[in-house]
Amino acid sequence: MPATAPPPPFTADDYRARMARAAGSAAEAGLAGVLIAPGPDLTYLTGYRPTADTERLTMLVVAAGQDPVLVVPTLEAPDAARAPGAPALTLRDWTDGKDPYAVTAPLLDPAGRFGVSDNAWAMHLLGLQQALPGTSYVALTEALPMLRAVKDARELSRLAAAGAAADAAYGDILKVRFAGRRETDVAADLAALLLEHGHSQVDFTVVGSGPNGADPHHEADDRVIVHGDMVVLDFGGLKYGYGSDTTRTVHVGEPGAEERRVHDLVREAQQAGFEAVRPGAACQDVDRAARAVISGAGYGEYFMHRTGHGIGVTTHEPPYMIEGEERPLVPGMCFSVEPGVYLPGRFGVRIEDIVTVTEDGGRRLNNTPHEMAIVE
């Protein structure tokens with residue numbers, strides 16, 4: 001298969017297996033089941049992505065010992081029936097003017113505790129509580145945070161393709177002119193390059209020049225980039241339904257001594273975080289390894305965010321590489337390693353790769369140079 005060919009689609013059997021794992025995980029967590037609203041969890045479990053976010057109830061009910069059921073509005077049932085995971089579930093529709101909770105309630109244990117996807121509408125959860133006052137609910141991120149965390153080989157291939165496309169976009173952005181242009185101009189270039197290299201969706205293009213680079217999530221604005229600026233480039237989106245997210249920090253013209261020193265420090269910290277990735281290590285170990293390098297050099301107060309976040313069908317999801325997260329790393333987990341130093345009013349530096357846990361360590365899904373690139 002040519003390297004540029006899209007990966008084969010997920011099958012109904014893939015989605016059937018995912019829903020079965022979700023039901024089993026829910027039972028192990030003491031839950032009666034999980035209730036999934038439109039969003040990344042529904043896409044992951046069924047392949048169904050409603051064309052519009054509406055107030056009409058759409059909900060997947062997954063529980064051990066029963067077939068999964070997707071409750072949908074009648075007018076959206078044809079689209080739901082075409083979803084790749086539809087053969088692995090039962091569809092039940094409801095029409096406008098009818099009570100959707102009367103359709104959904106019989107599918108639930110009336111005294112059960114259920115995990116609910118984080119983006120479910122409050123009105124739907126309250127409607128179910130009114131119909132079934134003996135039920136209780138917990139956010140899915142709290143109850144089953146690792147639901148989507150461990151990727152199989154076909155998911156990993158999609159993440160690798162997204163990472164390679166982001167790398168290609170970075171290689172191309174180094175060829176454009178920075179000095180004399182606005183941050184928004186460079187951000188637009190990055191977005192166009194992500195699409196050119198096969199992304200279907202651009203989620204963010206952070207371009208933080210000079211003092212703006214000291215804001216980790218700076219929104220590109222009309223500041224004109226000038227010679228002597230450090231520029232943080234953080235960008236990503238979705239390709240083949242899976243995320244990319246990478247950061248490199250470049251300099252317009254030759255950098256000064258402290259700029260080089262801070263960049264080298266962040267590069268060393270990023271390498272330390274990467275080297276801490278191995279099966280059985282705690283998520284917090286990755287954060288500790290990267291943070292120790294920066295703190296040891298006296299810049300600890302200027303590294304104010306976690307070292308990493310998971311990535312998959314969204315660009316931010318569990319697990320998180322942060323102090324206090326003792327969950328062990330297992331092969332197939334994918335997450336960012338992205339330490340940074342941010343000096344208020346002056347400049348910032350961040351270097352980020354997506355990393356997957358292997359059987360004996362970690363593998364980077366971003367492979368562009370970590371050395372500071374000089375741009376014009």
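Note that the structure is predicted; figures quoted are calculated from it, not measured. Because only heavy atoms are used, hydrogens play no part in the values below, and waters and symmetry mates are left out as well, while side chains stay in.
Contact between Pro339 and Ala290 at its shortest, heavy atoms only, is CB-CB, 4.2 Å. The minimum heavy-atom distance linking Ala149 with Pro318 is given by the pair CB-O, 4.2 Å. For Met333 against Pro328, the heavy-atom pair with the smallest separation is CE-O, 3.5 Å. Nearest approach of Leu144 to Ala22, heavy atoms of both residues: CD1-O, 4.3 Å. Considering all non-hydrogen atoms of both residues, Asn366 and Gly163 come closest at ND2-O, 3.4 Å. Closest of all the heavy-atom pairs between Gly228 and Glu259 is O-OE2, 3.6 Å.
Rounded to the nearest 0.5 Å, atoms CG (Leu35) and OG1 (Thr104) are 9.0 Å apart. Rounding to the nearest 0.5 Å places OG1 of Thr135 at 7.0 Å from CZ of Phe114. Interatomic distance, Ser209 OG to Asp229 CG, rounded to the nearest 0.5 Å: 5.0 Å. Taken to the nearest 0.5 Å, the OG1 atom of Thr307 stands 11.5 Å off from the CD atom of Gln284. Put simply, CG on Leu70 and CG on Leu91 are 5.5 Å apart, with the number rounded to the nearest 0.5 Å. For the atom pair Asp67 CG and Leu89 CG, the distance stands at 9.0 Å (nearest 0.5 Å).
Looking only at atom types and distance, the side chain of Asp360 has a donor-acceptor partner in the side chain of Thr358 under 3.5 Å away. Inspection of the Tyr101 and Gln130 side chains reveals no N or O donor paired with an N or O acceptor under 3.5 Å. Neither side chain, Thr246 nor Glu352, offers a donor N or O lying under 3.5 Å from an acceptor on the other.
For the pair Lys98/Asp96, no side-chain contact is recorded, criterion being any heavy-atom separation below 4.5 Å from C-beta on. Side-chain contact check for Tyr299 versus Val266: every heavy-atom pair is 4.5 Å or farther apart. Contact check for Met321 versus Arg306: no side-chain heavy atoms found under the 4.5 Å cut-off. Put simply, the side chain of Val232 does not reach to within 4.5 Å of the side chain of Val349, judged on heavy atoms. Side-chain contact between His263 and Glu371: absent, with no pair of heavy atoms (C-beta onward) separated by less than 4.5 Å. Val293 has its side chain within reach of Leu265: a pair of non-hydrogen atoms, C-beta onward, lies under 4.5 Å apart. Proximity of Pro279 to Val357: side-chain heavy atoms (C-beta onward) are separated by under 4.5 Å at one or more points. Taking the side chain as every heavy atom from C-beta outward, Cys283 and Glu326 never approach each other to under 4.5 Å.
A salt bridge links Asp41 with Arg148; the closest basic N to acidic carboxylate O contact falls under 4.0 Å. Between Glu76 and Arg56 no salt bridge is recorded (no basic side-chain N to carboxylate O distance below 4.0 Å). Under the 4.0 Å criterion applied to side-chain N and carboxylate O atoms, Asp264 and Arg261 are not assigned as salt-bridge partners. Salt-bridge formation is detected for the pair Glu317/Lys151: a Lys NZ or Arg NE/NH1/NH2 atom is positioned less than 4.0 Å from an Asp or Glu carboxylate oxygen. Salt-bridge formation is detected for the pair Glu258/Arg346: a Lys NZ or Arg NE/NH1/NH2 atom is positioned less than 4.0 Å from an Asp or Glu carboxylate oxygen. A salt bridge is absent between Arg182 and Asp221: the closest approach of a Lys/Arg side-chain nitrogen to an acidic carboxylate oxygen does not fall below 4.0 angstrom. Under the 4.0 Å criterion applied to side-chain N and carboxylate O atoms, Lys175 and Asp189 are not assigned as salt-bridge partners. Between Glu254 and Arg260 a salt bridge is recorded (basic side-chain N to carboxylate O distance below 4.0 Å).
Using bins of under 30°, 30° to 60° and over 60° for the plane-to-plane angle, the ring pair His217/His316 lands in the perpendicular bin. Ring planes of Tyr15 and Phe10: perpendicular class, angle over 60° (limits at 30 and 60°).
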Problem set entry | Derivation of the side-chain contact (heavy atoms from CB on, under 4.5 Å) call for Val116 and Leu128 | CA-CA 11 Å; Val116 182; Leu128 287 173; over 6 Å; no

Exercise. Could you go step by step and tell me if Phe204 and Val202 meet the side-chain contact (heavy atoms from CB on, under 4.5 Å) rule?
Worked result: CA-CA 6 Å; Phe204 51 89; Val202 176; over 6 Å; no

Problem set entry | Evaluation steps, side-chain contact (heavy atoms from CB on, under 4.5 Å), between Val286 and Leu329 | CA-CA 10 Å; Val286 179; Leu329 302 178; 4.1 Å; yes

For this session: Applying side-chain contact (heavy atoms from CB on, under 4.5 Å), run through Leu45 and Leu60 and close with a yes or a no.
Result: CA-CA 9 Å; Leu45 291 171; Leu60 174 69; 4.1 Å; yes

Exercise. Please walk me through it: do Glu338 and His309 pass side-chain hydrogen bond (donor to acceptor under 3.5 Å, both in side chains)?
Worked result: CA-CA 9 Å; Glu338 51 175 307; His309 58 81; 3.1 Å; yes

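Thr249 places a side-chain N or O within donor-acceptor distance of the main-chain N or O of Arg350, the cut-off being under 3.5 Å. In this structure, Asn212 contributes its side chain and Arg223 its backbone to no donor-acceptor pair below 3.5 Å. Looking at Glu142, its side chain never comes within 3.5 Å of a backbone N or O of Ala139 through a donor-acceptor pair. Between the His218 side chain and the Val206 main chain, no donor and acceptor come within less than 3.5 Å of each other. Under a 3.5 Å cut-off, the side chain of Asp245 and the backbone N or O of Gly236 do not form any donor-acceptor pair. Panel note: side chain Arg154, backbone Pro9; a donor-acceptor pair is recorded below 3.5 Å. Looking at Gln66, its side chain does come within 3.5 Å of a backbone N or O of Leu107 through a donor-acceptor pair. Here the side chain of Thr74 pairs a donor or acceptor atom with the backbone of Trp94 at under 3.5 angstrom. For Lys239 (side chain) and His197 (main-chain N/O), a donor-acceptor pair under 3.5 Å exists by modelled atom type. A distance-only check finds no donor-acceptor pair linking the side chain of Gln129 to the backbone of Ser136 [under 3.5 Å].
Here the options are Asp353, Asp234, Asp167, the test is salt bridge (charged side-chain N to carboxylate O under 4.0 Å, His left out), and the partner is Arg248; only Asp353 passes.
Under the 4.5 Å side-chain heavy-atom criterion for Ile, Leu, Val, Met, Phe, Trp and Tyr, Val34 and Leu147 are members of the same hydrophobic cluster. Cluster membership check: Leu194 shares its hydrophobic cluster with Tyr170, using side-chain heavy-atom separations under 4.5 Å among Ile, Leu, Val, Met, Phe, Trp and Tyr. Tracing side-chain contacts under 4.5 Å through hydrophobic residues (I, L, V, M, F, W, Y), one never reaches Leu126 starting from Met59; they form parts of separate clusters.
Within a 6.0 Å sphere centred on CD of Glu55, other residues, nucleotides and ligands contribute more than 12 heavy atoms.
Partners of Arg49 under the salt bridge (charged side-chain N to carboxylate O under 4.0 Å, His left out) rule, at least two apart in sequence or in another chain, do not exist in this structure.
Relative to the six-membered ring of Tyr137, Arg113 misses at least one condition, a distance below 6.0 Å or an angle of at most 45° to the axis.
Taking the six-membered ring for Trp, Tyr342 and His305 have ring centres closer than 6.0 Å.
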